[in-house]
Amino acid sequence: MAVVVMKFGGTSVANVERIRNVARHVKREVDGGNKVAVVVSAMAGATNQLVAWCKEAAELHDAREYDAVVATGEQVTAGLLAIVLQSMGLNARSWTGWQVPIKTSAAHGSARILDIPGDDLRARIDSGEIAVITGFQGIEADSERIATLGRGGSDTSAVAVAIAVNADVCDIYTDVDGVYTSDPRIVPKARRLPKIAYEEMLEMASLGSKVLQTRSVELGMVYKVRTRVLSSFAAPSAMKPFNVFDIEDIGTIVCDEDEIVEQQVVSGIAYAKDEAKVTLLKVDDKPGVAARIFGPLAEANINVDMIVQNITPDGRQTDMTFTVQAAELARALDVLKKAKKDIGHFDVKSSADVVKVSVIGVGMRSHAGVAAKMFETLSEKGINIHAISTSEIKISVLIDAAYAELAVRSLHSAYGLDSD
Ligand code: ADP
Ligand code: ASP
Ligand code: MG
């Protein structure tokens, strides 16, 4: 017998028929003797609609009220799933974030989970009740206002619940049957990875593979939560109930690096479309200029990612290129304009028509030539690189958005990741 947390994403609960299918997955686990907590997302498209309504009501709105609105999507699916489970003769009840309570920070719209007192929940699960918990939401610890965890946040709710009840596994059911070497919607030849290291998954998620929210992987890594990514569309009866001693070879297990026997040099290719490029031309090349550019951006809470500074033969003026989130571009330009008196002269160019493509793999630590292969492959396709950034286990390049798919597919082939 195991304690299992099962999370179902938006497409998996898109209508009542699909919720019925989800209930069959839950029933399989209960019938197999497992104790279950379920975490649900809002129906596909529901959160987008709620966000759009907030914007329509007022472009600039109170983040606490935004949270009150967007958190409602998950309450609908939690209630509906509990109803369906009860109609199948199972003992289930729904829980909203504040009822659990899932306590969060005050960063409304992208709050972090601070604590989930799990004893009561665990006692109920142990007594055989299925807890159906709303993902994506919690309650701000001091003000007791509803807070949401940022888009895709139900993954994080699920991992946090798994930690709180000390679950044996956190199963993330979605519309693909695992984590692939690249987004299967873009790369038809992508392959399912039976296992992926936490660190690689963390890079994949933060570099654009939205199959898991970045924060959920961080939490999983710190607390060593055995996390699996599975398809909710697989027939519920075709899968076996979770068994700690006999884990089926389905989906993807996110685990420690040393659990992976055949480690590839490159495990995956990710892309992110939400980047924007800013270039400051003819900036004075003297000490302190970078601080005067990036200081005000940091103060305004604008994250800068890639930075390139050109060398200047005469040592007088330089060009500085960097990237910010596309949604922050207008604000970044405004901050720079206000800081101009300190920075000195510059001309500015910007574009949101760029995409960041990244190759990721823990094997890069011990292999040379990964970057060279990336640059060669892109050059063969005539794709120009605007900026580069690297870490121990990833290389990212910024290119024109028009070449995103070509770049991802070509790199996927070049690193030998294509399926046969
Ligand atoms: P859910 O609604 O279940 O949370 P998401 O849409 O958030 O589902 O995440 C699943 C999607 O992630 C898939 O449909 C797929 O297009 C996308 N995705 C991006 N990169 C990858 C990858 N490397 N492996 C699998 N899926 C990926
Ligand atoms: N419903 C939320 C969203 O669409 C949270 C989630 O699905 O994970 O972002
Ligand atoms: Mg998701």
Side-chain angles (χ1 to χ4, degrees), residues 6-14 18 22 25 39-52 66-67 69-78 97 102 109-111 113 133-138 147-161 170-196 200-217 227-233 251-252 254 266-273 357-361 404-405 408 411-412 417 419:
M6 308 171 80
K7 179 259 171 178
F8 295 91
T11 27
S12 308
V13 293
R18 292 217 181 136
V22 161
H25 281 288
V39 173
V40 286
S41 286
M43 289 180 176
T47 310
N48 288 347
Q49 175 66 79
L50 295 166
V51 171
Y66 164 95
D67 277 350
V69 175
V70 299
T72 58
E74 271 70 15
Q75 188 170 336
V76 173
T77 41
I102 296 177
S110 58
I113 296 178
I133 303 165
T134 51
F136 184 50
Q137 57 168 275
T148 63
L149 309 178
R151 299 307 305 270
S154 298
D155 299 325
T156 303
S157 309
V159 174
V161 167
C170 180
D171 281 343
I172 308 281
Y173 287 81
T174 182
D175 54 4
V176 278
D177 64 349
V179 178
Y180 278 67
T181 45
S182 193
D183 187 346
R185 283 181 216 281
I186 302 293
V187 185
K189 289 185 176 165
R191 274 188 290 126
R192 176 174 65 88
L193 294 161
K195 288 185 175 173
I196 185 167
E200 288 173 327
M201 191 63 240
L202 194 59
E203 292 282 9
M204 294 264 276
S206 68
L207 295 168
S209 303
K210 298 211 165 96
V211 59
L212 289 177
Q213 198 197 33
T214 308
R215 179 77 187 129
S216 73
V217 189
T227 311
R228 288 196 299 176
V229 177
L230 302 164
S231 167
S232 74
F233 294 113
T252 298
V254 190
V266 168
S267 305
I269 321 273
Y271 67 96
K273 289 190 168 158
V357 176
S358 310
V359 301
I360 297 137
E405 296 186 7
V408 173
L411 292 168
H412 198 268
L417 297 174
S419 60

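Residue numbers run from 1 in the order of the sequence given. Order of listing sets the numbers, starting from 1, for every ligand and every atom in it.
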When you check the gap from the basic side-chain N to the acidic O, do Lys7 and Asp155 get nearer than 4.0 Å?
yes

With side-chain hydrogen bond (donor to acceptor under 3.5 Å, both in side chains) as the test, would you mind laying out the steps for Thr156 and Gln213 before giving the verdict?
CA-CA 7 Å; Thr156 303; Gln213 198 197 33; 2.4 Å; yes

Note the single closest protein heavy atom to atom 15 (C) of ligand 1, along with its residue, its atom name and the distance in Å.
Asp183 OD1, 3.4 Å

Report the distance from atom CG of Leu202 to atom CG of Leu207, rounding to the nearest 0.5 Å.
9.0 Å

Tell me the protein heavy atom at minimum distance from atom 3 (C) of ligand 2, and give that distance in Å.
Arg151 NE, 3.3 Å

Consider ligand 1: state whether an atom of it lies below 4.0 angstrom from any non-hydrogen atom of Ser182.
yes

Would you check if Arg192 and Thr252 make a side-chain contact, meaning some heavy-atom pair closer than 4.5 Å?
yes

Could you tell me whether Val176 approaches ligand 1 through its side chain, its backbone, both or neither, with non-hydrogen atoms closer than 4.0 Å?
side chain

Going by an N to O cut-off under 4.0 Å, is there a salt bridge joining Asp175 and Arg18?
no

Near Tyr180, which atoms of ligand 1 are under 4.0 Å from a heavy atom of that residue?
22 (C), 23 (N), 24 (N), 25 (C)

Ser209 neighbourhood, listing ligand 1 atoms whose heavy-atom distance to it stays under 4.0 Å:
20 (N)

May I ask you to check if ligand 2 and Lys7 share an N or O to N or O distance below 3.5 Å?
no

Name the option, out of Gln137, Glu74, Lys210, that contains the heavy atom nearest to atom 2 (C) of ligand 2.
Glu74

Could a heavy atom of Ala270 be found less than 4.0 Å from some atom of ligand 1?
no

Any N or O on Gly152 sitting closer than 3.5 Å to an N or O of ligand 2?
yes

Starting from atom 25 (C) of ligand 1, locate the nearest protein heavy atom and write down its residue, its atom name and how far away it is, to 0.1 Å.
Gly178 O, 3.4 Å

With a 4.0 Å cut-off on heavy atoms, is Gly153 touching ligand 2?
yes

Output for pair (Ser231 OG, Ile172 CD1), nearest 0.5 Å, gives 13.5 Å

Measure the OG-CG distance between Ser232 and Asp171 for me, rounded to the nearest 0.5 Å.
12.0 Å

Can you pull out the closest protein heavy atom to atom 1 (P) of ligand 1? Residue, atom name and distance to 0.1 Å, please.
Thr174 OG1, 3.5 Å

Considering heavy atoms of the protein only, find what lies nearest to atom 14 (O) of ligand 1 and give residue, atom and distance to 0.1 Å.
Arg185 NH2, 2.4 Å

shortest atom 7 (O) of ligand 1-to-protein heavy-atom contact is with Lys210 O, 3.4 Å

Check: Ser209 side chain, Val211 main-chain N or O, donor-acceptor pair, under 3.5 Å:
no

Considering the heavy atoms of Val211, write down every atom of ligand 1 situated less than 4.0 Å from one of them.
9 (O), 12 (O), 26 (N), 27 (C)

Under 3.5 Å side-chain donor-acceptor pair for His412 and Thr181
yes

Taken to the nearest 0.5 Å, the spacing of Lys189 NZ from Leu417 CG works out to 12.0 Å

Among all the protein's non-hydrogen atoms, which is closest to atom 7 (O) of ligand 2, and how far away is it?
Ser41 OG, 2.9 Å

Please give me the minimum heavy-atom distance between Ser154 and Val40, naming the atom from each residue.
OG-O, 4.0 Å

Under a 4.0 angstrom heavy-atom cut-off, which atoms of ligand 1 come close to Met204?
23 (N)

Are any of the heavy atoms in Arg192 under 4.0 Å away from ligand 1?
no

Apply side-chain hydrogen bond (donor to acceptor under 3.5 Å, both in side chains) to Ser267 and Glu200, showing your working.
CA-CA 8 Å; Ser267 305; Glu200 288 173 327; 2.6 Å; yes

Does Ser157 reach the main-chain N or O of Phe136 with its side chain, forming a donor-acceptor pair under 3.5 Å?
yes

For ligand 1, is Pro184 a contact, meaning one of its heavy atoms is under 4.0 Å away?
yes

Considering only the protein, which heavy-atom contact is closest to atom 2 (O) of ligand 1, and what is its distance?
Gly10 N, 3.1 Å

Atom of Ser12, atom of Phe8 and distance for their closest heavy-atom approach:
CB-CB, 4.2 Å

Heavy atom of the protein closest to atom 4 (O) of ligand 1 (residue, atom name, distance)
Lys7 NZ, 3.2 Å

For Val179, counting its heavy atoms only, list the atoms of ligand 1 lying under 4.0 Å from any of them.
24 (N)

Considering only the protein, which heavy-atom contact is closest to atom 11 (C) of ligand 1, and what is its distance?
Asp175 OD1, 3.9 Å

Check Ile360, Ile186, Val357 against Ile269 for a side-chain contact (heavy atoms from CB on, under 4.5 Å) and give me the one that passes.
Val357

Scan the protein's non-hydrogen atoms and note whether one is under 4.0 Å from atom 23 (N) of ligand 1.
yes

